[in-house]
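The chain is numbered in sequence order, starting from 1.
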Amino acid sequence: MSRSPRVIVIGAGVAGITTAHVLIRRGFTDVTILEKGSAAGGVWHWNRYPGLTCDVPSNLYQFGFAPKPDWERMFATGPQIKAYLNDVIDELGLRSRIELNAEVTSAVFNDGEWTVTLADGRVFVADFVVMATGVLHNPQVPDIPGLDTFTGPVVHSARWDDTVETRGRRIAVIGSGSTGVQLVTALQREADRIVHFSRTPQWVMWAPMDRRQPRLVTALLTRFPALRTGLYQTLLSGSGFLADIATTPSWRRRAVQQYARLSLRAQVRDRADRAALTPDYEPMCKRQVLSGGYYRAIQASNAEVVDTPIVSVTPDGIITDDGVVHPLDMIVLATGFRAHDYMRPMDLRGRDGVRIDDVWADGPRAYRMSAIPGFPNLFTTLGPNSPTGSISLQYTAERTAEFIAGWLDRFATGEFDTVEVTDEATDDFLAAANSAMVPTVWATGCDSWYLTPAGDVDLWPYDRATLTAMLAEHRDDHFRFSRTSELAESGDDR
Ligand code: N01
């Protein structure tokens, strides 16, 4: 017997595009992607602040199944990546499967199927749901007294307002992660004054972020598709270095950390400035920031870094703890994301009405990034513990989608009606992951968005080979199965 599972994929970013493509490649035809935004692209749709650049080389930050020969730059800008993702959607014929402006407000499992409801009232019913909702989606807006009294524009980096004029303005950028650093570097050039409120300094490694891809490289990659694939595979293998230095203390990690220190020493000559910009934790403990121009920007005559804590906001400025009033026309919040919310806010209810908000009250908890106990026939692509910053996310999403497709194959043949990971297997996976996390650089003593409310590091502590192996196998002893119908006998050919 054979039946065709009805699949809903939630999110049309890197994870959702990969999942849909792989499922279709594996022969599943009833696949619908629901996307809350007005366009596909995920983070590359939502983020469009000035200076937005991907800090992963373009020839690696792409799908293995759709390598692009003609990247304009070695590190692509946000708009270039969004255009690439949309080109891939068209080339793979996924466009007609994507419902835009389709915000899922609830997904409820009942009687062996999922009922997915949108904000506009539309309802979809599916056998399987894949959450491809991303990590860095919900903006974190700081609770600073008086922020709502400020008379100028207040913009979060992830919800940029294109109508806001930045030229000739006195601008505050709050936050010193990758986003704050990119924004300050970009806005400083034309601002009247830029004040970077940096509560905690970050290590900023120098990298040639604005270099163009050499014409010869583009010509060769365009002419010889095998070179394209070869270069991608080489970069993918080479990126194993990143997982190695992050997960294993060694001279290699120390050498990269020295490079971070050198980047600061070589670019900031004033001792007092350098001292103020020197973090008190190890390089790479937080997500490493790369920049080719940040230190130049903050040493310009119209720029200032303020590390004194913010006390309050007035209608026309910011007051810091030392009593100084910083007059401003505009405030940019580069204050990051609620990184552990994943698919929420969403009324997600699994078996016996169990709610995700309850089972994840202390932070996300999933098996091998992909399955959640209590939630049958539901998978996550780039879910909890995904290797943000150490292994290609496109590669990870593709392996996860293949893992999911394997379950769909078995559903299609009538082997089971529902599959659900067990609590025990999830606990075992997380206990092992948490102990593997101990020697990682992320656990060397800093506060970062990697940490869950329970204090666990929400990342992947292993290498790519381990990730591949874990997603290549179906451990039936880690799952429980149910059969609610007699489809196998009746030979339903849905
Ligand atoms: O956010 P963050 P981000 N008062 O969480 C500060 C990816 N990304 O948007 O450290 C004052 O790193 C906070 O201070 P502190 C990348 O993975 C990728 O910059 O908590 N400050 C911190 O400095 C990255 O890691 C690219 O003391 C407040 C900052 O806000 C991730 O996105 C580009 C505050 C938040 O830093 C997130 O980066 C951009 C307050 N009340 C981003 N609250 C690529 O190139 C928070 N802060 C691929």
Side-chain angles (χ1 to χ4, degrees), residues 54-61 74-75 176-178 181 200-209 211 230-269 271 273-295 369 385-396 399 431-451 455-470:
C54 183
D55 57 13
V56 179
S58 321
N59 283 293
L60 179 59
Y61 196 85
M74 287 164 65
F75 294 87
S176 49
S178 303
V181 163
T200 313
Q202 295 248 17
W203 292 105
V204 181
M205 277 186 198
W206 186 87
M209 302 293 286
R211 296 287 191 281
L231 175 62
Y232 172 74
Q233 288 300 338
T234 305
L235 289 171
L236 193 59
S237 304
S239 68
F241 178 69
L242 212 54
D244 168 51
I245 57 172
T247 58
T248 314
S250 68
W251 65 267
R252 296 177 296 283
R253 181 190 291 175
R254 287 193 297 279
V256 174
Q257 291 179 323
Q258 277 305 103
Y259 175 67
R261 295 187 180 97
L262 179 67
S263 294
L264 173 60
R265 226 176 14 249
Q267 294 178 85
V268 181
R269 308 304 298 175
R271 272 171 176 263
D273 286 353
R274 208 157 66 214
L277 289 165
T278 303
D280 61 0
Y281 52 87
E282 292 191 23
M284 296 190 304
C285 181
K286 290 175 184 266
R287 160 70 193 248
Q288 186 56 49
V289 179
L290 302 185
S291 174
Y294 173 69
Y295 288 131
M369 306 175 281
N385 289 99
S386 287
T388 319
S390 65
I391 299 173
S392 158
L393 290 178
Q394 290 80 356
Y395 177 86
T396 305
R399 297 287 74 73
N434 282 339
S435 72
M437 210 61 85
V438 173
T440 67
V441 73
W442 310 305
T444 52
C446 66
D447 188 17
S448 76
W449 62 261
Y450 295 153
L451 302 179
D456 297 329
V457 182
D458 183 4
L459 286 175
W460 186 255
Y462 309 110
D463 61 8
R464 190 164 63 91
T466 309
L467 180 144
T468 308
M470 281 201 195

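With no hydrogens or angles considered, no side-chain donor-acceptor pair links Tyr281 and Thr200 at under 3.5 Å.
In this structure the side chain of Tyr61 never reaches within 4.5 angstrom of the side chain of Phe75, judged on heavy atoms. Between Val204 and Tyr295 the shortest side-chain heavy-atom distance falls below 4.5 Å. Here the side chains of Asp458 and Trp449 are not in contact, with every heavy-atom distance at 4.5 Å or above. Looking at heavy atoms from C-beta onward, Leu262 lies out of side-chain contact with Gln258 at the 4.5 angstrom threshold. Counting heavy atoms from C-beta on, the side chains of Leu236 and Ser392 come closer than 4.5 Å. Looking at Gln288 and Asp55, their side chains never come closer than 4.5 Å, going by heavy atoms from C-beta outward. In this structure, the side chains of Gln202 and Ser176 come closer than 4.5 Å at one or more pairs of heavy atoms.
Expressed to the nearest 0.5 Å, how far CD of Gln267 lies from CG of Leu277 amounts to 10.5 Å. Rounding to the nearest 0.5 Å gives a distance of 13.5 Å between CH2 of Trp460 and OG1 of Thr440.
At distances below 3.5 Å, at least one donor-acceptor pair connects side-chain atoms of Arg274 with backbone N or O atoms of Val268. At distances below 3.5 Å, at least one donor-acceptor pair connects side-chain atoms of Ser435 with backbone N or O atoms of Ala432. A distance-only check finds a donor-acceptor pair linking the side chain of Thr468 to the backbone of Arg464 [under 3.5 Å]. Put simply, the side chain of Arg211 never gets that close to the backbone of Ala207: no donor and acceptor are under 3.5 Å apart.
The shortest non-hydrogen separation linking Ala243 to Asp463 is CB-CA, 4.5 Å. Contact record, Val56 with Leu60: CG1-CD2, 4.0 Å, taken as the closest heavy-atom pair. Scanning both residues, Ala260 and Pro283, for their nearest heavy atoms gives CB-CB, 3.7 Å.
Residues passing the side-chain hydrogen bond (donor to acceptor under 3.5 Å, both in side chains) test with Gln257 are Glu282, sequence neighbours excluded. Residues satisfying the disulfide bond (SG atoms under 2.5 Å apart) test with Cys54, not counting sequence neighbours, are none.
Geometric assessment of Arg287 against the ring of Tyr450 yields a negative cation-pi assignment under the 6.0 Å and 45° thresholds. Geometrically, Arg399 engages Tyr395 in a cation-pi contact defined by less than 6.0 Å to the ring centre and at most 45° from the axis.
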